[in-house]
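Notes to accompany the following structure.
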Protein chains: 2
Amino acid sequence: MIAEKKKAFNAFAAKKGLRSTRQREVILDIFLSTHEHLSIEELYLKVRASNPGIGQATVYRTLKLFVEAGLARELTLSDGHTRYEHQMAGEHHDHLICLNCNAIIEFEDETIERLQKEIAERHGFKLVTHKMQLCGICPSCRKAAIEKVS
Amino acid sequence: MIAEKKKAFNAFAAKKGLRSTRQREVILDIFLSTHEHLSIEELYLKVRASNPGIGQATVYRTLKLFVEAGLARELTLSDGHTRYEHQMAGEHHDHLICLNCNAIIEFEDETIERLQKEIAERHGFKLVTHKMQLCGICPSCRKAAIEKVS
DNA sequence: TCATTATTGAAAATGATTTTCAAAGTTTCT
DNA sequence: AGAAACTTTGAAAATCATTTTCAATAATGA
């Protein structure tokens, strides 16, 4: 799966006439090796740990490329830190976010997707994408809150 | 409806021990007199047009108060400009956004709301709120695109 | 009115992201 | 391989929305 994505990025790079550099390889490897929703800051720290020479600007630039290439998706939470998550062609998921501890859980729901498409069509829109975040309190924060009270 | 909202804000202000100032009244009047999804910048310009003395910081501060009071809702699009829209207690709507001209259309869908609640419950979350944006191409931009081709 | 406390405007600070620019690296052409 | 042509990079500076600071001003309650 990782090899697939690397190939996808290389294909994208070739089509765009991008050059292949050590920095981009390192950042791609590290990005693909994670399965969390990492912020640029976190990603940059991980990158710097093994490759002290690589600068933030490069990490910013490279992640934008990943998005363009369809490997990554930007996730804008309200904490002011843009996060990046893996994105596979065609696939698609939404998020359940804990307002207390910021835990992020992914989910998919076909019925909602279908309804969204219908709503768009009803308004004459051609649906391209969507963002859906359900915000609430996760099980462990609920439990903690209950314990605090009793 | 406007009078209602003013009353709601005054009640909130009283409960919070906020003082009533000319600035807040002006900003509330102007906010309530619009029905678009205005950015702070736009709102500030409108405010300044009739009341040149009022500063941006005050507009920022006051809109946060409106959100806290439940009169307004923050809408974060990807253009980096926070927008504010009217919010009535209990009511709730989502957005259909044109990726081309940034037009915003509001909609509600009970079925989706119910499904969202179910999804949250299935994961043990207590659902507090949600954000849903359907992004696509609006009817007039679609038409324009077709005309351009032919 | 006076004392207390909140609010304001202007300017400075913040902080994430982007841009600039000279140096270094990659690719292409011969 | 060598050289021209063009990209990419890192560091620092710039940007830009938003927040904070702070001294001055205004609202409130006694």
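Every chain is numbered from 1 and lettered A, B, ... according to where its sequence line falls, protein lines coming before strand lines. No hydrogens, no waters, no symmetry mates; every other heavy atom, side chains included, goes into these values.
- No donor-acceptor contact under 3.5 Å links the side chain of R19(B) to the base of dG29(D).
- Under the 30°/60° scheme for interplanar angles, the aromatic rings of H35(A) and H86(A) are found to be tilted.
- Listed pair K64(A) / dT17(C) fails the phosphate criterion, with no side-chain N or O lying under 4.0 Å from OP1 or OP2.
- Distances shown here put every side-chain N or O of Y60(A) at or beyond 4.0 Å from the OP1 or OP2 atom of dT18(C).
- In this structure, R83(A) does not pair ionically with E36(A), as no charged nitrogen and carboxylate oxygen lie closer than 4.0 Å.
- With H95(A) as the fixed residue, the side-chain contact (heavy atoms from CB on, under 4.5 Å) test singles out one of K131(A), M132(A), E85(A): E85(A).
- Atom CD of E106(A) is surrounded by more than 12 heavy atoms from other residues, nucleotides or ligands within 6.0 Å.
- In terms of position along DNA chain C, the nucleotide closest to G17(B) lies nearer the 5' end than the nucleotide closest to the other residue of the pair G17(B) and A57(B).
- Considering only side-chain atoms of S20(B), the nucleotide from dT17(C), dG10(D), dT28(D) that sits closest is dT28(D).
- Here R61(A) does not reach the OP1 or OP2 of dT8(D): none of its side-chain N or O atoms lies under 4.0 Å away.
- The phosphate of dG9(C) has OP1 or OP2 within less than 4.0 Å of a side-chain N or O from Q23(B).
- Taking for each of L18(A) and H81(B) the nucleotide of DNA chain D with the nearest heavy atom, the 5'-most of the two is the partner of L18(A).
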